[in-house]
Number of protein chains: 2
Amino acid sequence: MGSLNMPPLDFDAQKTPHIADLRSPQCRNCDIVREIAFCADLSPDEVKRLATVRCHAALPASFTVFREGDEVDHVYSISAGAVKLYKLMPDGRRQIIGFLFSGDLFGLGIDGGYCYTAETITPTHLCRFTHRKLDSLIAEIPRLERRMFTMAVKDLVSAQDQMLLLGRKTAREKVATFLLRLSRRSIQMGLPPSPVALPMSRADIADYLGLTIETVSRTFTQLKRDGIIGLPASGHCIVNDWEALRELAEGG
Amino acid sequence: MGSLNMPPLDFDAQKTPHIADLRSPQCRNCDIVREIAFCADLSPDEVKRLATVRCHAALPASFTVFREGDEVDHVYSISAGAVKLYKLMPDGRRQIIGFLFSGDLFGLGIDGGYCYTAETITPTHLCRFTHRKLDSLIAEIPRLERRMFTMAVKDLVSAQDQMLLLGRKTAREKVATFLLRLSRRSIQMGLPPSPVALPMSRADIADYLGLTIETVSRTFTQLKRDGIIGLPASGHCIVNDWEALRELAEGG
DNA sequence: CGCAAGTTTGATTCTAATCAACGCTGGTGG
DNA sequence: CCACCAGCGTTGATTAGAATCAAACTTGCG
């Protein structure tokens, strides 16, 4: 793991190119661009235009894309894979702000640097745009502005749900809610609702739900003993009793 | 109080007009519109145009503007006063999503209804626009779209900070962070950083910070005993030791 | 195979919640 | 005018849920 008190990552030491070395001209015009959520309803011409400003990178797992405080320069879109966004406190306490998957956008921020760190969970394909190019693109295709706004509002709504979870739910309720969210996200990506893929570690889940590793582990075990879920292999979770899980999640 | 399990408010039973009865033509062209944050840099003509679509209402304290689940029809801007936004669980557990003040906007949401309840804390002056009129306004003044987007991103950043607070901070750290935020907000409104006004009840603070009333009360008392703050009168808090408060807030 | 990292399980501690009582304040009505 | 009451806030005693501390187990990899 080592994300908690690791020295700044030396990108070059990793077995992949430094993401900053990728330039648009070097990027092949692959069709992954179609998967970018905010251009889902663009015309072929517009997609082509988009392709000229984006560049694409394949990153390994546990790769830090940018850190909290880094100068904001790019916006990223996930073509495939999974990314976590997190904030750290000076003493190492960590809060994961979100788990992102295929189609999700990140890297928005206000002046003064990114306000979270972004790190891949699994090997991940990213598309990247500079804010400058994105702006000129928006000038060409004004619809994009509305689309970005809608996405920000959606993120805001999710964040508010997460506040309720963190502030008022018990460990059991938190885990149940988490599983249901991942399941819904699976459906959204065209996968079956169960088994739910859990690409992230227990530590990640704990830092997302405001719990400790041990409590997350115990809660999974407990839900399994209650017959509500099954844990066939690490990284996967079968839901046996949707009704019970839903009721639990809402505190019923 | 009674916000937890009150029957749906009968607006007419209150001593103020039902907010839904207010129509644009009836609204005087008061200059309060200038205080709407998202039109701060508009030209006089544009402000005049804005005035034709907004309408204005003075509401008493503890007035429910809309409820979670209500059909989304309007966007609101606070001219003066304070509003809280909250979510409820079926069993009455409550999470306050945010405290809003003069200049703040609320009522954004996605299809399917508002995702929180909005209630005044103090007597409050609100401006209101239908989403429809706001859309036509945005068509006229495209700058507004960017402005709304920026505001949504700011809210998102705040929400992410709140996740860190709820998930990883101790009671002391939560209260310290809360006081610093209110103080910063005071400055932003042109008021001195201290004394910090606390128009909301202990119950509201508790439901905002993911604590109980008793813990909030005890923590205030403790910070007072430590000489970090003073509590001269209910509703106000003096900060004696900014450095200590800041250090506490960050977990130093 | 052996090691390191991640996960599970168990024992104990601790923070904040719960339960309970009391005091303050502001509004109401006798 | 003052007594009463309701709502809010504070304080104290006890409990509970999750954290911490500790150890064993599992998994994946060189």
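Just so it is clear, the structure is predicted and the values come from calculations on it, not from any experiment. In what follows, chains carry the letters A, B, and so on, assigned in the order in which the sequence lines appear, proteins first and then strands, with residues in each chain numbered from 1.
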Please give, in whole Å, the distance from [N] [atom2] to [X] [atom1]?
{"X": "B:R93", "N": "D:dG17", "atom1": "CZ", "atom2": "P", "answer": "12 Å"}
{"X": "A:L231", "N": "D:dT27", "atom1": "CG", "atom2": "C1'", "answer": "15 Å"}
{"X": "A:M200", "N": "C:dT7", "atom1": "CE", "atom2": "C1'", "answer": "16 Å"}
{"X": "B:R225", "N": "D:dT11", "atom1": "CZ", "atom2": "P", "answer": "7 Å"}
{"X": "B:D91", "N": "C:dT18", "atom1": "CG", "atom2": "P", "answer": "11 Å"}
{"X": "A:L211", "N": "C:dT15", "atom1": "CG", "atom2": "P", "answer": "18 Å"}
{"X": "A:D207", "N": "D:dA19", "atom1": "CG", "atom2": "C1'", "answer": "13 Å"}
{"X": "A:Q222", "N": "C:dT7", "atom1": "CD", "atom2": "C1'", "answer": "17 Å"}

Task: Test log, rule salt bridge (charged side-chain N to carboxylate O under 4.0 Å, His left out), inputs A:R128 and A:D73 - done: CA-CA 10 Å; A:R128 195 179 76 159; A:D73 45 4; 6.0 Å; no

Task: Sub-4.0 Å heavy-atom contacts from residues 213-220 of chain A onto DNA chain D, ordered by number - done: A:E214, A:T215, A:R218

Task: DNA chain D-proximal residues of residues 159-180 of chain B, any heavy atom under 4.0 Å - done: none

Open item on the list: Under 4.0 Å, counting only non-hydrogen atoms across every strand here, what does A:G210 touch: a base, just sugar-phosphate, or nothing?
Closed with: sugar-phosphate

Do [X] and [Y] touch side chain to side chain, with heavy atoms closer than 4.5 Å?
{"X": "A:R172", "Y": "A:I228", "answer": "yes"}
{"X": "B:T124", "Y": "B:F63", "answer": "no"}
{"X": "A:L166", "Y": "B:L165", "answer": "no"}
{"X": "A:F178", "Y": "A:V196", "answer": "no"}
{"X": "B:I97", "Y": "B:Q162", "answer": "no"}

Task: Lys NZ or Arg CZ of B:R185 over B:F99 ring: under 6.0 Å, within 45° - done: no

Open item on the list: Quick check: B:F106 with B:Y116 (ring centres under 6.0 Å apart)?
Closed with: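 So the answer is no for these two rings.
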
Task: Side-chain ion pair, A:K169 and A:D161, N-O less than 4.0 Å - done: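 Salt bridge flag = no for A:D161 with A:K169.
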
TODO: State whether B:S234 places a side-chain N or O below 4.0 Å from either non-bridging phosphate oxygen (OP1 or OP2) of C:dT25.
DONE: no

